[in-house]
A.B. asks: 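Dropping a structure here in structure tokens format, bear with me for questions.
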Amino acid sequence: MDALVSVLKSHPGSTVLVFALIFRLIHRLLQRLPVPKVVKQDDHTWNVVVWPETLINLHSYYTSLSYLLVCVSTGYFVQDAGDIILTGHARASWEFLIHHSLVISCFMYSLYTKLYVGGAVIALFVEVNSVTLHLRLLLKLANAQSSPMYQINKYLNIFTYITFRLSTQFYLTWYIVHNYTWLDNGSFFLASMIAMNIMILIYFYRLLRADFFPRSWRSPNAKKWTDRLCAAVHLPQCLYKKNKYSSFPPAGERAEDIWEERKENLSQQQRRRLQAGALMNQRIKADLDTMSVLPPVRKDRVIAQLPQCFRKEAAFHTKEDFNNKVKTACQEQRTGTVGFKISKVIVVGDLAVGKTCLINRFCKDAFDKNYKATIGVDFEMERFEVLGVPFSLQLWDTAGQERFKCIASTYYRGAQIVIIAFDVTDIASLDHVRQWLEDALKENDPTAVQLFIVGTKKDLSSPAQYSQIEQDALKLAQEITAEYWAVSSLTGENVKEFFFRVASLAFETNVLAELEKSGPRQIGGIHAKQCECFNKEETAKLLSVRRFEGGKD
Ligand SMILES: Nc1nc2c(ncn2[C@@H]2O[C@H](COP(=O)(O)OP(=O)(O)OP(=O)(O)O)[C@@H](O)[C@H]2O)c(=O)[nH]1
């Protein structure tokens, strides 16, 4: 069998041709068979399932084949809804579940009462559009948004959406409204159709926006609105790096907070500006959610092997490769929503330890020897492809200066990964790591956070000096269950390896969490899995220490 498949694989074109010929042959042979009696009696029954009576009399006309078609289709919808629930995707795919429940209830009604079978068959026309919609999704998963195939498919998609989905649904709605007075249970069908119409119109809007009107994350418009937003609230520089526009405020959060705090004192014009800014934030969030504005993954962001830890003594685990379950899930494309998620990473630490330089070295391959304090926060998006699955990190650069800490700490919430940076030439910055950890964990679930301690400016310390501080750092890393790294943003030493390791471990954790969703979840279970180099008792003790330090227990 394997040998046959490998031969077929090497000649895909000829293989398709052979199968096409086989189907053609079967078709010809079937045509030679005598025509069944029932077909001779009624041409429409055999040749045309839907036309013309079914189209005109949706309520009571149907053929045996159309009844069979509705049975088969209902079976499909039941199977698909069951699959969504059993695989633990009910919450993430709630729209599909609502859609499927409406379809199943309407179709079951038809099958039991033998009414509206024609309507059900007509409704199946919308599935023609599912072909192009699915192709679009597959191409997005393959990161082929810029391919000619995606471009062609996006127009085809709109065409089939209008011709088959919208027209069919509107025709059915029109039919029900037009014949409402005499139709059986017309109100039930009308309500179902209205609900589905609203859903497909919203989806159509999202589709148009994603494929035809994408917004650039750093478009001049974003800058314009940021300036306007800041001017409106008299907070011109508080969110941005000195002298430089870097990023739009975090989706929907900051602008709305400011709005709540200050709306009473604003003039009408300022209110309008601020609302526009908040609206923009919401749009960016929506775009981010659908991953429609993110650039394709760069070739040098592809991770096929698990990057190794820096020091075995302080590592989440010392395994040479990704967890087998994760590898299998990726191969079988069972990673659920992981490919669409963005993991939040916060980088904290004393002022001027080199947080900004670290992020800039990785994201822009740049290094600035002039110190510019981060005012508030800044962030970068980095896209990876891990084991063939897209995966994104949102890297938050926070201010180390005390006076900006209150602004920066409002952005700590929701972090999956906390990176605490210290300067390897400054022992005090290592001593402050515990304080930074405590601050970061106040805003997050201590058992769910992955923690890294990073020694920066490695190029500045002599081997003897470095080895002394490394001993202290390793000890601390073990105590707080963190993975330890040392880097130099000036030379680039270990920077890429470090972020690749962060991305890989975050990805692994997300996939494991996705796989475990349906199973019982232990407290700190996912994190404990990451800490297999520590024994169980130690891990439990350390997690409780961390919880205590995070002020949660
Ligand atoms: N030699 C050397 N200098 C570095 C390195 N990383 C950062 N620096 C320098 O350290 C200073 C501070 O760097 P930043 O990255 O701005 O520090 P930061 O932690 O972001 O500072 P805050 O914004 O105050 O939090 C700058 O002058 C950098 O040039 C490094 O790896 N080697």
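Start at 1 and go down the list; that is how both ligands and their atoms are numbered.
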A.B. asks: Looking just at side-chain N and O atoms, do N510 and E514 make a donor-acceptor pair shorter than 3.5 Å?
C.D. replies: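 There is no such pair between these side chains.
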A.B. asks: How about F498 and F452: are their ring centroids closer than 6.0 Å?
C.D. replies: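 Ring centres of F452 and F498 closer than 6.0 Å.
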A.B. asks: Show which atoms of ligand 1 fall inside a sub-4.0 Å distance from at least one heavy-atom site of D459.
C.D. replies: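 In order of number, 1 (N), 2 (C), 30 (C), 31 (O), 32 (N).
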A.B. asks: With a 3.5 Å cut-off and no angle check, do the side chains of W436 and D350 form a donor-acceptor pair?
C.D. replies: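 Distance-only check passes for W436 and D350.
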A.B. asks: Quick one: look at L460 and ligand 1, take heavy-atom pairs under 4.0 Å, and tell me if it's side chain, backbone, both or neither.
C.D. replies: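 For L460, the contact with ligand 1 is made by the side chain alone.
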A.B. asks: If I apply the N/O under 3.5 Å rule, does G354 come out as touching ligand 1?
C.D. replies: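 Right, the criterion is met.
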A.B. asks: Would F499 and F362 count as a close aromatic pair, with their ring centres under 6.0 Å?
C.D. replies: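 When the ring centroids of F499 and F362 are compared, they turn out to be within the sub-6.0 Å range.
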A.B. asks: Using a strict cut-off of 4.0 Å, indicate which atoms of ligand 1 neighbour a heavy atom of K355.
C.D. replies: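 Here the atoms of ligand 1 in question are 15 (O), 17 (O), 18 (P), 19 (O), 20 (O), 21 (O), 22 (P), 25 (O).
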A.B. asks: Is K442 positioned over the aromatic face of Y412, cation under 6.0 angstrom from the ring centre and no more than 45 degrees off axis?
C.D. replies: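 Judged by the rule (NZ or CZ under 6.0 Å from the ring centre, within 45° of its axis), K442 is not positioned above Y412.
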A.B. asks: By number and element, which atoms of ligand 1 are closer than 4.0 Å to a non-hydrogen atom of D368?
C.D. replies: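 Those of ligand 1 that fall under 4.0 Å from D368 are 28 (C), 29 (O).
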A.B. asks: May I ask you to check if ligand 1 and V353 share an N or O to N or O distance below 3.5 Å?
C.D. replies: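 For ligand 1, there is an N or O atom that lies under 3.5 Å from one belonging to V353.
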A.B. asks: Say you draw a straight line from OG of S488 to NZ of K457; how long is it, rounded to the nearest 0.5 Å?
C.D. replies: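 Rounded to the nearest 0.5 Å, the OG-NZ separation comes to 10.5 Å.
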A.B. asks: Under 3.5 Å between some N or O of ligand 1 and some N or O of T456?
C.D. replies: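 No - when backbone and side-chain N and O of T456 are compared with those of ligand 1, no distance drops under 3.5 Å.
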A.B. asks: Counting both backbone and side chain atoms, is some N or O of C357 under 3.5 Å from an N or O of ligand 1?
C.D. replies: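 Between C357 and ligand 1, an N or O pair is found under 3.5 Å apart.
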A.B. asks: Between ligand 1 and G400, is the shortest N or O to N or O distance under 3.5 Å?
C.D. replies: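 Yes; the residue has a nitrogen or oxygen that sits under 3.5 Å from a nitrogen or oxygen of the ligand.
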A.B. asks: State the atoms of ligand 1, each with its element, that fall below the 4.0 Å cut-off from a heavy-atom position in S488.
C.D. replies: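 So the answer, numbered in order with elements, is 31 (O).
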A.B. asks: When you compare ligand 1 with K458, is there at least one nitrogen or oxygen pair between them that comes in under 3.5 angstrom?
C.D. replies: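 Among all N and O atoms of K458, none is under 3.5 Å from an N or O of ligand 1.
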A.B. asks: Parallel, tilted or perpendicular: which describes the rings of Y161 and Y203, with under 30° parallel and over 60° perpendicular?
C.D. replies: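 The arrangement is parallel - the two ring planes meet at less than 30°.
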A.B. asks: Tell me every residue that passes side-chain contact (heavy atoms from CB on, under 4.5 Å) with D472, counting only those two or more places apart in sequence or in another chain.
C.D. replies: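 Residues passing side-chain contact (heavy atoms from CB on, under 4.5 Å) with D472: I427, L430, Q468.
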